[in-house]
Amino acid sequence: MLSEEKIENEQENNFDKTDLEKLEFDTSQKNEDDSDAVKLKVKRIISIDALRGGAVVGMILVHSLMRIYDYTWISKNPVVISSLPLWLIVIIAIVGYLGMWISFFIFLSSIVNSYNMTIKTTKTKKPWKQLKNQLFAGFTILFVSYLREACIGYYGIFGHIIRNGKVASFSILVNALYIMKPLSAIGWSIIIGSLIHAILLMNDGYKKRYRNLIVYLLLFIIAISITPSIYNWGVKVASTEKINFGYILASFISGTVGGDTDPLLPYLGTVFVGNSIGMFLAQKEPPKRLPLIGSLFAFFLAIVSIIMIIFGIAVNFPNTIFRKPPEVPIYLFLLSGQIGLTMLLLRLVEYKGKMVKFGNNWIIKKFRLWSMVSLTLFVLDLYEFVPRAFLTLILIPFKIDLLNDNIFTGITGFYYAISVAVFNVLWFHFTLKLWSRYNFLGSFEWMIIKLQKFFLKKRTTKLNVSFIFSNKEWYGENKTEKKHPANFVVQLD
């Protein structure tokens, strides 16, 4: 194996630009996604891997903190923050801001999905075949989301039994159909975003990137503009006393589009922005100033959101700062940070040719490991009780029961809560390290791969841990070529 890799590396180093471009596609094998298409070589955008893994780590940390810490003394009266020490205010602000980045997963997912569809359609000319894979993934995630909320999640039937010691009402199985949580939003975003992108890719639409950009900007504006009205409609539907089929249907639609905590609106706006970025990254030569333009757009959204907050436009600040779903100005401020961070990392890593150095950083390697099973970590948040039970046994002399929620409060309690949350993250990480030795056998990602292989005849090396971590081919600028950048044609899993 080592000799083969060495020979392959020597061969690639001896090829010129024309040969390199030919090597980007392996025509000796039949692509199982498209029978008449060439097979794409697999490279990865290390920035996206790192951001996705870091987001999952942050999710586990923040969720652990929010469950064991009673922060109502702040949320009920945000003004009390001004009386806290400056360093604590900074920590609360950072944790609070990043903790509200629910749509960050939608943003990263949209970039990846749009990129994949565009680059494959560029070669196959068949966007509808690429759409098939995306729809399968989207509906599978919707099913997994329901399974989480109804059964195996923190607030599902099993979670209720563990937290309360008694069997929950089976009405949870019905209520879960109307609940929109992050996974549900991701599933619907993949379905809707992929469908729209497939339409735009028709008839060589992948060549009309500026037309597509205008379409996405218009859709973004429309999504943001109608969000307040959809919220109001949802409140009206919820207040209806007469229950009939029309009410049930309206409740489902309003709940999916604009109700509960993580509805489609305003997060469809995130999909349209992510699709635009993925589309430009899929170009043979992505715009040199893409990170700059994206950063300026993020800055523009931040300014607009601040102006809206100052003048009280579509927001009741600060009383509704923690509202779920977020009001439009808060949402725009959150989205601006997500775009800005992504553009910054692309600029510093891929556009600077620092992929190898960045990818070999020990922290980034940890994030990449988490990124591989992000769906499983989303679903199995109930596993958090294992480290909490372990700590409870250790703390028996102090009579601290960490199996209960909201047991810490105040400034002193914040220290304890942070400590427990960090311990939970470390426990999760060592579990992943052990599980990765078996390529995450039995994880939800593993199950989806098996389903794709059975129904779509599709194979992937996504959960081949040793293969992925030994892969040295990154998406980014080839410093050996004068033209910018020569090897940006890649594929993301």
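Of all non-hydrogen atoms in Gly278 and Ser114, the two that sit nearest each other are C-OG, 3.7 Å. Across every non-hydrogen atom of Gly269 and Ala223, the tightest pair is N-CB, 4.1 Å. Scanning both residues, Pro263 and Met180, for their nearest heavy atoms gives CA-CE, 3.9 Å. Smallest separation of non-hydrogen atoms from Ser47 and Val349: OG-CB, 3.6 Å. Here the shortest heavy-atom pairing between Val271 and Gly193 reads CG1-CA, 3.7 Å. Between Gly442 and Trp435, the closest heavy-atom pair is C-CZ2, 4.2 Å.
A donor and an acceptor atom, one from each side chain of Tyr115 and Asn275, are nowhere located under 3.5 Å apart.
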**OP:** Could you check Thr118 against His197 for side-chain hydrogen bond (donor to acceptor under 3.5 Å, both in side chains), going step by step and ending with a plain yes or no?
**Re:** CA-CA 8 Å; Thr118 304; His197 200 61; 2.7 Å; yes

Original post:
What do the steps show when you test Trp427 against Tyr383 for side-chain hydrogen bond (donor to acceptor under 3.5 Å, both in side chains), and what is the final call?
Top reply: CA-CA 10 Å; Trp427 186 285; Tyr383 180 68; 2.8 Å; yes

Subject >> side chain to side chain contact (heavy atoms under 4.5 Å, CB included) between Gln283 and Ile119, intermediate numbers included >> reply: CA-CA 7 Å; Gln283 303 302 312; Ile119 196 63; over 6 Å; no

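In this structure, NE2 on His429 lies 4.0 Å from NZ on Lys366, to the nearest 0.5 angstrom. The distance from atom CG of Leu268 to atom CD1 of Ile230, rounded to the nearest 0.5 Å, is 10.5 Å. Considering CE of Met447 and CD1 of Ile449, their distance stands at 12.0 Å, rounded to 0.5 Å. Atom OG1 of Thr270 and atom CG of Leu335 lie 4.5 Å apart (nearest 0.5 Å). Remark: Ser194 OG to Asn113 CG distance equals 5.0 Å, nearest 0.5 Å. Atom CE of residue Met100 and atom CG of residue Leu334 lie 5.0 Å apart, to the nearest 0.5 angstrom.
Between Arg388 and Asp405, at least one side-chain nitrogen of the basic residue sits less than 4.0 Å from a carboxylate oxygen of the acidic one, meeting the salt-bridge criterion.
The backbone N or O of Leu173 lies less than 3.5 Å from a partner atom in the side chain of Tyr146, making a donor-acceptor pair. For the pair Glu149 (side chain) and Tyr155 (backbone), a donor-acceptor distance under 3.5 Å is absent. Checking side-chain atoms of Asn212 against main-chain N and O of Gly205 turns up a donor-acceptor pair under 3.5 Å. A distance-only check finds a donor-acceptor pair linking the side chain of Ser145 to the backbone of Ser184 [under 3.5 Å]. Between the side chain of Ser436 and the backbone N or O of Asn439 there is no donor-acceptor pair closer than 3.5 Å. Using a distance-only test at 3.5 Å, with no hydrogens or angles considered, no donor-acceptor pair links the side chain of Ser371 to the main chain of Phe367.
Atom CG of Asn404 has more than 12 neighbouring heavy atoms from other residues, nucleotides or ligands inside a 6.0 Å radius.
In summary, the aromatic rings of Phe378 and Phe444 are positioned with their centroids too far apart to meet the 6.0 Å limit.
Aromatic ring pairs are classed by plane angle as parallel below 30°, tilted from 30° to 60° and perpendicular above 60°; the pair Phe104 and Phe107 is parallel.
The cationic atom of Arg67 (NZ for Lys, CZ for Arg) lies less than 6.0 Å from the six-membered ring centre of Tyr154 and within 45° of the ring axis.
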List the atom pairs, donor and acceptor, that lie under 3.5 Å between side-chain atoms in residues 337-346 and the rest of the protein, sequence neighbours left out.
| residue | atom | partner | partner atom | Å |
| --- | --- | --- | --- | --- |
| Gln338 | OE1 | Ser103 | OG | 3.2 |
| Gln338 | NE2 | Ser103 | OG | 3.2 |
| Thr342 | OG1 | Gln338 | O | 2.9 |

